[in-house]
Amino acid sequence: MSLIQPRTLKGFRDYLPEAMIPREQLIATAQQVYRSYGFSPIDTPALEYLEILTGKGSDETDRQLYKFQDHGGRDVGLRFDLTVPLARFAAQHVPKLGTPFKRYHIASVWRGENTQRGRYREFMQCDFDTIGTKSVAADIETGLVIHDLFQTIGFSKFTIRINNRMVLNGLLDKLGLASKSTEVLRALDKLGKIGRDKVAEEMTATAGATQEQAEQVLKLSDLAGSNAEILAQLAPLVSGSEIGEEGVSRLNEVLAGIAAAGVEEARIQVDVSIARGLDYYTGVIFETFLDDLPTIGSVCSGGRYDNLAGLFTKQELPGIGASLGLDRLLAAMEELEMLAKVRTPAPVFIPYFDGDRLGAYLKLAARIRGAGIGVEVYPDPKKLGQQLKYADSRGFSVAVIAGANEFAAETVQLKNLQSGESEEVSLAEGPNTLIARIRSILSIG
RNA sequence: GUGGUUGUAGCUCAGUUGGUUAGAGCAUCGGAUUGUGAUUCCGAGGGUCGGGGGUUCGAGUCCCCUCAGCCACCCCA
């Protein structure tokens, strides 16, 4: 019989323990931060009716969408983000849930696009959104969540770039480019990447803008200085446009609120050139870059939208949210060597040393686990040296070793696998001393 | 989807103008060492040379197609 070649589809990946452990850690961190602001978890199906997903119907999403007919002949598709499912979810359930509704959603999405470093066809997004309120408080809170998220993950150098679509729309309004806003903004969004001249070129080519109009838009890129200075320079550019002025004042409020919460100014940077490709943003926009690895792109992006569920309900549902690109962030952390090379989630190793004492090892393990510390007992009574070699290669922190001598003396040997040092710990008065010693080696108090 | 580039053991790579049975280091497993791991020594396993087709007496090597990785565009997390 011929063997089937084991393989995975382009852009789809297996996760080995050393990849999955940090992945789960990151998910746990995101959950913790989201919950600390009162966001509740939800989930939705991976598969949706095609019409739900193609509602916005751009060619690009169509190209990226995994779609097929199910066994009942229904046209279906795999979700390509978590925002569209949220819109459907909100239209269906908001009457029950009430607003404001704050949810987080951590799940895989699928896009059939070409792969690159940190870009896959199946990847995980960690979204959080607040729907049903237009309050600037929600805008501020979104910025704070992003900030806390990266701080808690362990980044000290990251920049949240912030802008407001109203500023851009106000300017385009004044210039008579409002009808071409998608093309103009898409070009503007590339400013950091392809430079001023190329952006102007693209604006004239794809949006039909005149040289002067392009120049006017690109004045945005001349703005420099502190956030307050940029906003001061911005005001005259949009003056006379109601929406533009509102955008500037809204930006001021958001910055003030984030500062009031104690976030240092260097973390938040007004960048009037970020636009986000997605059409549905209407207010504040966020993008998050890692200062040490800006080329990987934005690792957490989002913004405000006026009418999330307009395709599905007549009820107006404004909202704001952002999405952490978990897989892209992990690729970045890997490159920055921020991921510990641990291949075991349990720190304590018990060798199966004396072949007749399995029960004693299991009991010891159970007692340590009872104190909330993970323990692995080796399954075979192999030679101690081999078992320790295994423990070493998996990255265990401590080994609790007991053989005939130790059993006779009611002790165990506690071995610190990092330093190699061993100490004898008595079990005569129960496991508390041992657990305290393990805790101190693991530095968990 | 478009263009470029790469693909030899689990990993990093060598492999002569196309020429016998494709090699090394690391890793794995076993032993030296029946109570102590990251360093030593010995040995073993592991390859459809990414896959398919073609040229040739003969292909890891040349040609075509395909799959996968990386890079750029597009778009975006």
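Naming: A, B, ... by sequence-line order, numbering from 1 per chain.
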To the nearest Å, give me how far apart [atom1] ([X]) and [atom2] ([N]) are.
X: A:Arg13; N: B:G69; atom1: CZ; atom2: P; value: 10 Å
X: A:Trp110; N: B:C75; atom1: CH2; atom2: C1'; value: 20 Å
X: A:Ile285; N: B:C76; atom1: CD1; atom2: P; value: 12 Å
X: A:Lys389; N: B:C29; atom1: NZ; atom2: C1'; value: 9 Å

Distance, [atom1] atom - from [M] to [N], rounded to whole angstrom:
N: B:C62; M: B:G25; atom1: C1'; result: 30 Å
N: B:U8; M: B:G50; atom1: P; result: 6 Å
N: B:U40; M: B:G35; atom1: P; result: 24 Å
N: B:C42; M: B:U6; atom1: P; result: 38 Å

(message) Whether A:Arg13 and A:Asp327 form a salt bridge (side-chain N of Lys/Arg under 4.0 Å from carboxylate O of Asp/Glu) is what I want to check.
(response)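 Judged by the 4.0 Å cut-off on N to carboxylate O distance, A:Asp327 and A:Arg13 do form a salt bridge.
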(request) Output yes when A:Asp139 and A:Arg250 qualify as a salt bridge under the 4.0 Å nitrogen-oxygen rule, no when they do not. (result) yes
(message) Could you check whether A:Arg394 makes a cation-pi contact with A:Phe349, meaning its NZ or CZ is under 6.0 Å from the centre of the six-membered ring and within 45° of the ring axis?
(response)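 That pair does not qualify as a cation-pi contact.
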(message) Tell me whether A:Arg111 forms a cation-pi arrangement with A:Tyr66, defined as NZ or CZ under 6.0 Å from the six-membered ring centre and within 45 degrees of its axis.
(response)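 No cation-pi geometry.
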(request) Once you apply the 3.5 Å cut-off to both distances, tell me the Watson-Crick or G-U wobble partner of B:U55, or none. (result)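 WC or wobble partner does not exist here.
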(request) Considering just the side-chain nitrogens and oxygens of A:Gln386, establish if one lies under 4.0 Å of OP1 or OP2 belonging to B:G30. (result)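 Checking B:G30 against A:Gln386, a side-chain N or O does come within under 4.0 Å of OP1 or OP2.
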I want to verify a distance call: between [options], whose nearest atom is closest to the [X] side chain?
X: A:Ser298; options: B:A72, B:A38, B:A77; answer: B:A77
X: A:Asn114; options: B:A72, B:U33, B:G69; answer: B:A72
X: A:Lys10; options: B:A77, B:G69, B:G37; answer: B:G69

On a plain distance test, is the side chain of [X] in donor-acceptor contact with the base of [N] below 3.5 Å?
X: A:Arg328; N: B:C76; result: yes
X: A:Arg186; N: B:C74; result: no
X: A:Gln64; N: B:G1; result: no
X: A:Lys383; N: B:U34; result: no

(request) Would you mind telling me which residue lines up with the more 5' stretch of RNA chain B, A:Thr8 or A:Gly112, judged by nearest nucleotide? (result)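 It is A:Gly112, whose closest nucleotide lies nearer the 5' terminus.
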(request) Please tell me which of A:Lys190 and A:Cys300 maps to the more 5' nucleotide of RNA chain B, matching each residue to the nucleotide holding its nearest heavy atom. (result) A:Lys190
(request) Have a look at A:Glu113 and say if it touches a base, only the backbone sugar-phosphate, or nothing, with a 4.0 Å heavy-atom cut-off. (result) base
